[in-house]
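Each remark here refers to the structure printed beneath this line.
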Amino acid sequence: MDKDIATPVRTRAILEKYGFSFKKSLGQNFLIDTNILKKIVSFADLTENSGAIEIGPGIGALTEQLARSSKKVIAFEIDQRLLPILRDTLSPYENVKVIHKDVLEADVKTVMEEEFQGLADVMVVANLPYYVTTPIIMKLLEERLPIRGIVCMLQKEVADRIAAKPGTKEYGSLSIAVQYYTEAETVMIVPKTVFVPQPNVDSAVIRLTKRKQPAVVVKDEGFFFQVTKASFAQRRKTLLNNLTSQLPDGKQKKEEILSALNASGIDPTRRGETLSLEEFGRLADELYSYYH
Ligand code: SAM
């Protein structure tokens, strides 16, 4: 087996060989701890028949672990300077393909159709660039890609919001957006010392397991998300206050909003952060008739 990329000594040697300088604006914090990488991969439950999608391979630290644990890896990397490095570091692995593209611009669905024919399942596994964690996760979920789930490293603060339960201060529209599509859990807290350069914030690994059906069945998904966002607009305000100030014509529709709250069995003086996904689903469906 080849020497791991993610040791401090080998990483330094690779960076020096290519004169690579980190770009903070691209969220470049590379992992230099093989044990952490192996643990991340283990949370993805890959088999020899799995495909893996990586976002931001860097110099290939996680990519190589994925290559050893799956059938095929497709990695999207935005920074052109990393391509020759990856060609070098990943040369022992024939089952890896690096695509030079901003993942937010990429047609991931078509890439999956072309690259993962006949595989048992596909997982996204990544140490995400922290400046775009939420847009990346939401893109992967909203495009309804045929993936089994996502295991990714991100800022602990965002992980806490994603996996938050109702009634906590972290619970908000991001928790709902992600938990609508997936079961979300924080599986590991990661110290800053396993990165070069060390990030300014604490990190965590989350596992998102796609649900077969969304967590709640609603009449109109877009409207459901509009209602949840409106409900959290000002956290100290009551639901009734937020909905009347945020929904279109909310002030004029106060009576209708009140009756939708009553019909869904939700006390109008409650705050958004106390409502479960099911309650938001009922509320959005009751409000729907007044808006369509
Ligand atoms: N996977 C490597 C590791 O764990 O050591 C590097 C992770 S580093 C946190 C994030 C990587 O994502 C960098 O290589 C960066 O260049 C890349 N990146 C940043 N924005 C990106 C984007 N929009 N699309 C694809 N890759 C991106």
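Counting starts at 1 for both ligands and their atoms, following the listed order. This is a predicted model, so every value here is computed, not measured.
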Would you call the rings of Phe223 and Tyr288 parallel, tilted or perpendicular if under 30° counts as parallel and over 60° as perpendicular?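 Answer is perpendicular, since the angle exceeds 60°.
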Does the plane of the ring in Phe232 sit parallel, tilted or perpendicular to the ring in Phe280? Use 30° and 60° as the thresholds. tilted
Polar proximity ligand 1 side, [X] side, N/O cut 3.5 Å exclusive:
{"X": "Gly58", "answer": "yes"}
{"X": "Asn127", "answer": "yes"}
{"X": "Gly56", "answer": "yes"}

Please confirm whether [X] approaches ligand 1 to less than 4.0 Å, judged on its heavy atoms.
{"X": "Lys23", "result": "no"}
{"X": "Leu82", "result": "yes"}
{"X": "Thr63", "result": "no"}
{"X": "Leu26", "result": "yes"}
{"X": "Tyr130", "result": "no"}

Where is the nearest protein heavy atom to atom 2 (C) of ligand 1: which residue, which atom, and how far?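 The closest one turns out to be Pro57 O, 3.3 Å.
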Does a salt bridge link Glu157 with Arg161, judged by any charged N lying under 4.0 Å from a carboxylate O? yes
Looking at Glu143 and Lys109, is any side-chain nitrogen of the basic one under 4.0 Å from a carboxylate oxygen of the acidic one?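 So Lys109 does not pair with Glu143 through a salt bridge.
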